[in-house]
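To start, the structure under review is shown below, and the notes come after it.
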Amino acid sequence: MRIDIITIFPELLESPFNASIVKRAKESKHVKIVFHNPRDFTSNKFKQIDDYQYGGGPGMVLMIEPIAKCINSLKSKRNYNEVIFLTPDGKTFNQKMANKLSNYKNLILLCGHYKGVDQRIRDNFITQEISIGDFVLSGGELAAAVLCDSIVRLIPGVLGDESSALNDSFQDNILAPPIYTRPSDYEGLKVPEILLSGNTPKIESWREDKSIEITKKLRPDLFKD
Ligand code: ADE
């Protein structure tokens with residue numbers, strides 16, 4: 001998979017992509033992540049990429065020209081499955097969307113800033129608008145990092161144990177069961193006996209029961225689906 005990220009602050013994304021699973025996925029060539037700065041696509045001699053909004057009002061708006069040129073330049077090189085704009089008024093991201101996006105070959109992520117981006121970009125270049133929650137970030141970069149992390153770990157071959165992504169919380173709309181490791185008894189705090197029994201079918205059934213119990217308790221809304 002290839003992910004092209006359009007951002008005026010690539011440095012915000014350097015550390016999330018240079019550690020842990022995403023780093024490994026880049027090294028093993030399961031994913032290529034490339035940054036593009038709209039400042040490199042402006043004809044403005046001062047490299048200005050934002051301006052005041054027509055009609056008045058607070059805040060700067062990312063201009064159409066640098067973003068349009070950047071997206072067109074990428075699209076002239078390959079086909080993209082989606083051109084995604086990260087914005088608080090987009091569709092709220094979830095595991096189902098991550099699963100779908102992880103099957104794609106080429107994605108563009110556009111990170112907004114300031115007050116947002118000229119509406120003509122949203123109307124004519126963007127195929128999907130995604131929010132990571134009902135709160136406002138300073139820009140789309142951290143949202144893009146969240147999206148990439150959740151997508152990249154789902155690409156087949158990225159996680160060592162193929163089944164581990166399938167057992168994540170939210171796969172099948174259910175939360176993951178509790179997990180334990182050594183020691184089995186820490187100052188009287190004991191691991192449930194069943195997990196030490198070696199009886200795999202019974203353990204699986206215990207885990208399923210616990211998942212359902214926890215989901216009903218913590219996220220009853222997930223049961224509606
Ligand atoms: N940009 C600013 N806030 C955001 C959010 N909540 N989700 C995605 N992009 C954003």
Side-chain angles (χ1 to χ4, degrees), residues 1-22 25 31 33-42 48-55 57-68 70-71 74-75 80-104 106-155 168-170 173 219 221-222:
M1 173 186 265
R2 178 185 165 113
I3 306 176
D4 288 283
I5 304 183
I6 304 174
T7 166
I8 53 171
F9 292 118
E11 62 272 29
L12 278 173
L13 287 164
E14 262 147 33
S15 100
F17 294 162
N18 280 314
S20 186
I21 288 165
V22 179
V31 69
I33 301 176
V34 188
F35 298 136
H36 307 273
N37 195 329
R39 282 190 209 282
D40 298 331
F41 294 86
T42 175
Q48 184 185 351
I49 42 107
D50 58 331
D51 212 334
Y52 296 103
Q53 54 177 308
Y54 278 123
M60 304 296 272
V61 180
L62 286 172
M63 295 156 103
I64 185 169
E65 187 212 19
I67 312 274
C70 182
I71 294 175
L74 289 169
K75 287 212 271 192
Y80 284 90
N81 300 92
E82 298 281 357
V83 183
I84 297 168
F85 178 47
L86 283 317
T87 173
D89 54 6
K91 182 173 175 203
T92 308
F93 193 55
N94 61 29
Q95 190 64 36
K96 207 168 149 194
M97 290 156 81
N99 290 343
K100 191 164 181 200
L101 293 174
S102 74
N103 293 316
Y104 291 154
N106 297 311
L107 292 175
I108 294 177
L109 304 185
L110 170 62
C111 304
H113 255 279
Y114 313 119
K115 205 68 196 155
V117 63
D118 190 300
Q119 185 63 32
R120 289 167 290 182
I121 288 289
R122 299 176 72 160
D123 292 345
N124 299 289
F125 292 84
I126 298 298
T127 61
Q128 219 183 107
E129 300 192 328
I130 295 180
S131 161
I132 62 159
D134 288 343
F135 44 83
V136 179
L137 300 165
S138 311
E141 283 77 10
L142 298 182
V146 168
L147 222 75
C148 287
D149 190 287
S150 68
I151 293 167
V152 167
R153 63 196 301 286
L154 295 170
I155 300 171
D168 285 345
S169 277
F170 299 109
N173 258 3
R219 292 293 306 273
D221 55 302
L222 293 176

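Bear in mind that the values here come from a model prediction, so they are computed numbers and not experimental data. Whatever order the structure lists them in is the order used to number ligands and atoms, beginning at 1.
In the displayed structure, Tyr54 atom OH is contacted under 6.0 Å by at most 12 heavy atoms of other residues, nucleotides or ligands.
Taken from CG in Asn106 to CD1 in Ile3, the straight-line distance is 10.0 Å, to the nearest 0.5 Å.
Of the protein's non-hydrogen atoms, the one nearest atom 6 (N) of ligand 1 is Phe135 O, 2.7 Å. For atom 3 (N) of ligand 1, the nearest protein heavy atom (residue, atom name, distance) is Leu137 N, 3.0 Å. The protein heavy-atom contact nearest to atom 7 (N) of ligand 1 is Ile132 N, 3.0 Å.
A side chain to side chain contact (heavy atoms under 4.5 Å, CB included) with Leu110 is found for one member of Ile126, Ile84, Val83 and no other, namely Ile126.
Side chains of Phe93 and Leu101 form a contact here, defined as non-hydrogen atoms less than 4.5 Å apart.
Checking only distances, Val136 never comes within under 3.5 Å of ligand 1, N or O to N or O. Residue Ala143 has no N or O atom closer than 3.5 Å to an N or O atom of ligand 1.
Nearest to atom 5 (C) of ligand 1 by heavy-atom distance, out of Ser138, Pro88, Gly140, is Pro88.
Near Leu86, the atoms of ligand 1 lying under 4.0 angstrom from a non-hydrogen atom of the residue are 8 (C), 9 (N). Atom numbering of ligand 1 starts at 1 in the shown order; those under 4.0 Å from a heavy atom of Ile130 are 8 (C). Here is the list of ligand 1 atoms found below 4.0 Å of a heavy atom in Gly133: 6 (N).
Donor-acceptor pairing under 3.5 Å is lacking for the side chains of Asn18 and Glu14. Between Thr7 and Glu141, the side chains place a donor N or O and an acceptor N or O closer than 3.5 Å (distance only, hydrogens not considered).
Using a 4.0 Å cut-off between heavy atoms, Asp134 makes no contact with ligand 1 at all.
Within the 4.0 Å heavy-atom cutoff, Gly139 counts among the residues contacting ligand 1.
Counting only distance, with no hydrogens or angles, the side chain of Thr42 and the backbone of Arg39 share no donor-acceptor pair below 3.5 Å.
Pairing each heavy atom of Cys111 with each of Ile5, the nearest pair is SG-CG2, 3.8 Å.
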